[in-house]
Structure formats: structure tokens, C-alpha cells
Amino acid sequence: MAHRHSHHAGGMLMLDSLAAHSGLRDVSPGLKTAFSVLVLLLCVSASDALVGIFVALSMVLIMGFLGKTPVDHIAELLMIPLLFLLVSCLVILLEILREPAGLWQLHLGNHWLCVTTGSLHRAVTLFFQAMGAVCCLYFLSSTTPMPQLIEVLRRCHVPELIIELMYLIYRYLFVLLDVQQKLTTAASARLGYAGVRRSVSTAGRVSGALLASSFRRSRACFDAMESRGYDGRLAFLSHTPRLQWKHLLAACAYVVILLILIFVRKGWPCL
């Protein structure tokens, strides 16, 4: 299982590797795309913390058990959005009031920094709502290779220019990541990051070298594309799995369970 270690350095590299080796890569990409988008919309529109928790946990379990994604890779992928959401929800959690109120207060001059029941509810709901949506996107990106996603976009009649730019930007990120890692390793070997002042100077030099290298690599990539007959349309030789009834029934069952949970939480009659 070499792929579990070869792309550990970057999230983009890891996602590409996980999608190529996923246990769900042979499931219809159109079904996975429609399923992920529908569940994401239901999770966001429900505005309920329990629904967000259910979606996040279920998507992680699907990626782990059905997609064969290592747990440490899932944790690493979720670390960046998790930290971002914690900071964002902290801002929503705190309110500035003229009088002390709520569950917690801190006196700041003429005002009070407070945590109220309403702000706590909003912060918790937003956190789990966003985590559910993030897990939906990670499910799609970690189980569906990019050529299959592009085929889905073509079937949805997305303009070729948008598809081409999306794919070229996506692929070129890997080139820049590789160059950045090599430059950073070389600078670290020369003690370029020893001390704050030297680290700032080294970071500036690495950024400048990365910019210059990006222009050279872009010209080389375009020349390589033209030498292979590029005529303005990207063509891929890839196998697109067909839709199977068992996969469709499983997706429908999940959506029905999610709808029942939303109806129960909203207090609507559930038939």
C-alpha cells in the first residue's frame, strides 16, 4: 500500500492519490456527484447541528469503510477546515453588549464580551453544518478521480473553456507543490530557516524562485501539450463506471434516512 505514504506531504496530492485507489472509484461518478450535492444542500438547508453531525460522521464512515481511506489521512484532511471553522465560530460565539448577559461575561471598558445562549446555539449549529458540508465534498473528491469528474461536467454541458481551465489549474498545483517542496528542503538543508529573521528572508527568496519556476514550467507544459496534438480541447482516455442499481438504491436509502431525521428535528409529520 505505497499510496498511503507517497503523498503524505500535501492535501492536494493526498486527495488525488486517494481518489485513484478508492474502493468507490468504480461507482458511477454521476451518482456520486448528484448524491454529494443533494446531501450537502440538505445539510445546509436543515440548519440543525444534529443533522450536520449525522452527515459528517456518516460521510467519514463511508470514506473509511467503503472507500478504504486510512483514518489518519481522513484526520489530516479534516484538520485544516476544522481549525478554520473553530476560529470562525469563535467570532460568532462572542457578542459585544452594553450590559452583562448570557452564560459568560468579560468586562471590556464600557462594554461586555458575552457568550449568550443564542450565540452558543448559532456557533454550534454553524460548526456542525459546515463540517457536514465539508465532509460531503471530501467524500466526492476522495472517491472520484479528476477525469471522471470532468466527464460528469461535460455531460452537464459545462463550457469547455471552464473545464479546461479547471483541469489545468488543478494539475499545475501539483507542479508548484513539487517545486516548493524541493526549494524548501534545499533551504532547510542550508539552515535557511534558523531564526526568525533568516526564515523571513528565506521565505521571500523561495517565493521568488517559485514564481520564476512557475513561468518556466508553464511554458514547458504548454509546449508538451502542443507536441501531443493539443487543439484547444482536453481529451482523456478513462473508463467511466456505469450506474448500478445497488448503488442507486443505497444512495436513495441514505437520502430517505436523512430526510426522516430532518423531518423529525423540524417537528414535521413524517409518513
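- To the nearest 0.5 angstrom, D26 atom CG is 8.0 Å from Q148 atom CD.
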Cut-off 3.5 Å, no hydrogens considered: what does the side-chain donor-acceptor table look like for residues 192-212, sequence neighbours left out?
residue: R198; atom: NH1; partner: L191; partner atom: O; Å: 3.3
residue: S199; atom: OG; partner: Y193; partner atom: O; Å: 3.1
residue: S199; atom: OG; partner: G195; partner atom: O; Å: 2.6
residue: T202; atom: OG1; partner: G192; partner atom: O; Å: 2.5
residue: T202; atom: OG1; partner: R198; partner atom: O; Å: 2.8
residue: S207; atom: OG; partner: A203; partner atom: O; Å: 2.8

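- Residues satisfying the side chain to side chain donor-acceptor pair (under 3.5 Å) criterion with S58, sequence neighbours excluded, are Y254.
- Within the model, atoms OG1 of T143 and CG of L149 stand 8.5 Å from one another, a figure rounded to the nearest 0.5 Å.
- Using modelled atom types, no side-chain atom of S142 and backbone atom of L18 make a donor-acceptor pair closer than 3.5 Å.
- Here the side chains of I74 and Y138 are not in contact, with every heavy-atom distance at 4.5 Å or above.
- With a 4.5 Å cut-off on side-chain heavy atoms, H247 and L24 do not count as touching.
- A heavy-atom distance below 4.5 Å is found between the side chains of V255 and L42.
- The shortest heavy-atom contact between C136 and L40 is SG-N, 3.8 Å.
- In this structure, CG on L93 lies 13.0 Å from NE2 on H121, to the nearest 0.5 angstrom.
- The minimum heavy-atom distance linking K32 with V27 is given by the pair CE-O, 3.4 Å.
- In this structure, P81 and L77 approach most closely via the heavy-atom pair CD-O, 3.3 Å.
- Taking both residues in full, the closest heavy atoms of M59 and F35 are given as CE-CE2, 3.5 Å, listed atom of the first, atom of the second, then distance.
- In this structure the side chain of M146 reaches within 4.5 angstrom of the side chain of M166, judged on heavy atoms.
- The CD atom of Q129 lies 13.0 Å from the CG atom of L50; values are rounded to the nearest 0.5 Å.
- The backbone N or O of S141 lies less than 3.5 Å from no partner atom in the side chain of T144, so there is not a single donor-acceptor pair.
- Cluster annotation: M79 and L85 are assigned to distinct hydrophobic clusters (Ile/Leu/Val/Met/Phe/Trp/Tyr, side-chain heavy-atom contacts under 4.5 Å, transitive).
- Counting heavy atoms from C-beta outward, F54 and I257 have side chains that approach closer than 4.5 Å.
- When hydrophobic clusters are built by joining Ile, Leu, Val, Met, Phe, Trp and Tyr residues whose side-chain heavy atoms come closer than 4.5 Å, directly or via intermediates, L126 is not grouped with V39.
- Around CD1 of I80, the count of heavy atoms belonging to other residues, nucleotides or ligands within 6.0 Å does not exceed 12.
- Hydrophobic cluster membership differs between I163 and V152, with clusters built from Ile, Leu, Val, Met, Phe, Trp and Tyr side chains linked at under 4.5 angstrom.
- Of all non-hydrogen atoms in S36 and L140, the two that sit nearest each other are OG-CB, 3.6 Å.
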Worked verdict on F127 versus I53 for side-chain contact (heavy atoms from CB on, under 4.5 Å): CA-CA 9 Å; F127 176 81; I53 294 173; over 6 Å; no
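- Two residues are said to be in side-chain contact when any heavy atoms from C-beta on lie closer than 4.5 Å; C135 and V55 fail this criterion.
- Under a hydrophobic-cluster definition in which Ile, Leu, Val, Met, Phe, Trp and Tyr are linked whenever side-chain heavy atoms come within less than 4.5 Å, directly or via other members, L259 and L57 are assigned to the same cluster.
- Using a 4.5 Å heavy-atom cutoff, the side chains of D48 and I262 are not in contact.
- Note: I169 CD1 to E164 CD = 10.5 Å, rounded to the nearest 0.5 Å.
- Using a 4.5 Å heavy-atom cutoff, the side chains of Q244 and S28 are not in contact.
- Hydrophobic cluster membership differs between L41 and L261, with clusters built from Ile, Leu, Val, Met, Phe, Trp and Tyr side chains linked at under 4.5 angstrom.
- In this structure, T125 OG1 and L120 CG are separated by 9.0 Å, a value rounded to the nearest 0.5 Å.
- Of all heavy-atom pairs between C43 and G132, the closest is SG-CA, 3.9 Å.
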